[in-house]
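Numbering of ligands and ligand atoms starts at 1, following listing order.
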Amino acid sequence: MKKIISVLLILAMALALAGCGADDKASAQKAKNDVIAAANAIHTRRAPECRAVSYDMDLALDAEKNLVSGYEDLVIRNDANVPLDRVGLRYYAEALAPESEIGAVRNQDAGKEYELNPGKDDSVVYVMMEEDPLPAGETRTLRIEFSTVIPELDDRFGYHEKENGKMFLLTFWAPQLAAYENGRWDESPYFDPGESTYNMMSDYTVKLTAPEDYVVAASGKQKTRQGVTTITAPNVREMAIVACNYMTVEKEKVDGVLFNMYRPAYEGFDKLYDVMRDNAKAALRLFRETIGEYLYSELDIVPAFLSAGGMEMPGLVIESLPEGGEGSVPTGFYYDAALTVAHEVAHQWFYCAVGNDQFSEPWLDESFATFCANYLYHETANSALRAANRAEKELNEQADMLYHPGEPNIYATSTDEVHYINLPCDYYSERGYGTYVYSEGAEFLDALRQQMGDSFSGMLSDWYAANASGVVHSSDFVRKVTEFDSSPEVIGILNTYLSDEYLR
Ligand SMILES: [Zn+2]
């Protein structure tokens with residue numbers, strides 16, 4: 001999630017937008033929608049056919065020049081049945097901070113340097129290998145030199161500066177193999193309100209040299225000694241790194257998972273950090289019990305100044321601090337933070353474990369994360385959520401955003417008119433994206449739960465167990481649901497929310 005749109009805004013948008021068509025293309029479809037027939041027509045299980053087996057990075061962070069540079073050895077394997085004469089890379093940093101650049105790309109085994117060609121999107125770079133194509137079934141190591149300029153920006157890719165200190169947030173920052181599906185390299189553009197990455201699982205190892213006073217949080221496990229951080233992250237879709245010279249970490253074991261709550265030294269946020277920590281822990285426990293085992297042995301929570309909301313990365317969650325800056329927690333923020341952190345933790349199950357093409361089928365992670373937080377987690381009324389509620393009350397007795405156990409879920413949108421939730425990111429307006437992909441998508445899953453009764457939780461666990469570490473498409477979900485319940489009522493719900501025309 002949850003880049004731009006906060007949980008509270010989603011509600012407001014949903015109410016404001018009820019009845020107006022942000023997705024005319026979808027509503028103008030033929031009248032008879034039949035996702036069952038469409039899902040059954042899509043037989044084969046599809047996944048990208050060129051895989052990044054591993055990334056081995058050796059990098060230095062220059063905290064004065066706001067630069068991370070060095071190289072990565074990317075091992076690619078060609079699982080397509082044709083030789084590849086070029087390989088697509090995604091380098092979002094170049095689109096976001098144009099001074100960033102890929103220096104040279106070599107065949108590490110042969111020492112040969114390849115020519116680079118730009119793609120249609122600024123974030124796409126093609127490595128041209130016409131002279132020695134990568135044969136089907138074989139692997140090759142590419143050494144990629146790059147230099148990423150980090151912009152001063154309170155966003156998921158950027159740095160925040162305070163007196164004598166900086167926090168660097170590195171997401172969308174390093175070259176990655178593009179997805180290669182049906183003979184095409186993925187060129188989906190960067191999508192600011194959401195994500196546009198589509199990655200298979202890879203193994204990452206990173207050596208990052210940074211000034212000695214910097215604390216580093218990252219996907220996987222990290223260890224810092226005399227300014228050199230070693231990161232080991234098997235089975236992740238990407239690598240997130242946060243480096244800051246004014247944060248400490250509070251470590252504890254939560255049911256065997258190493259839980260790291262990072263605490264940047266900002267004024268007035270201690271109670272907010274506690275709310276984030278306690279709700280993240282409670283959400284971690286709940287989703288392990290109700291959905292399935294957490295994929296990793298470590299989870300990092302890092303509060304930071306973002307544009308809004310939070311940001312999910314493998315084994316690491318970035319949680320938004322109030323836009324007003326240090327010292328002020330606005331009304332509604334504790335409670336919003338409690339549900340947002342639960343949403344981002346839920347993404348460890350949906351996006352990190354069960355992967356998807358986040359640009360073409362964003363609902364496959366966002367609707368699920370919203371459902372997990374705003375329904376499953378919300379309904380537990382656990383002590384962490386109640387504490388967020390109390391913090392909110394202390395802040396403002398008049399706050400009307402509070403959760404009162406036993407009352408209806410205020411995040412349910414209750415719009416009469418439903419629009420399809422399974423369209424690509426660029427088919428929605430920014431507001432429509434939040435309304436349909438998050439709110440309506442969560443309502444869709446809740447409607448299935450109400451209709452399916454007890455078999456819903458079995459279906460959800462099975463969906464997770466069958467697909468953890470893989471990638472899924474919407475048609476897979478339709479088939480999974482009907483495996484458990486193919487009643488006319490359930491089929492009616494599937495046809496109400498999902499468009500057969502856009503089913504993949
Ligand atoms: Zn999300």
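- In this structure, W463 has its ring center closer than 6.0 angstrom to the ring center of F477.
- In this structure, NE2 of H347 and OE1 of E366 enclose an angle of 100° at the Zn ion (ligand 1), rounded to 10°.
- For the pair F259 and K281, the minimum side-chain heavy-atom distance is below 4.5 Å.
- At a threshold of 2.8 Å, the Zn ion (ligand 1) has no backbone or side-chain N, O or S atom of E312 nearer than that distance.
- When the options Y436, Y375, Y497 are evaluated for a ring-ring contact (aromatic ring centres under 6.0 Å, His included) with F444, the one that passes is Y497.
- Restricting H343 to its N/O/S atoms, the shortest distance to the Zn ion (ligand 1) is reached by NE2.
- S461 places none of its side-chain heavy atoms less than 4.5 Å from the side chain of Y464.
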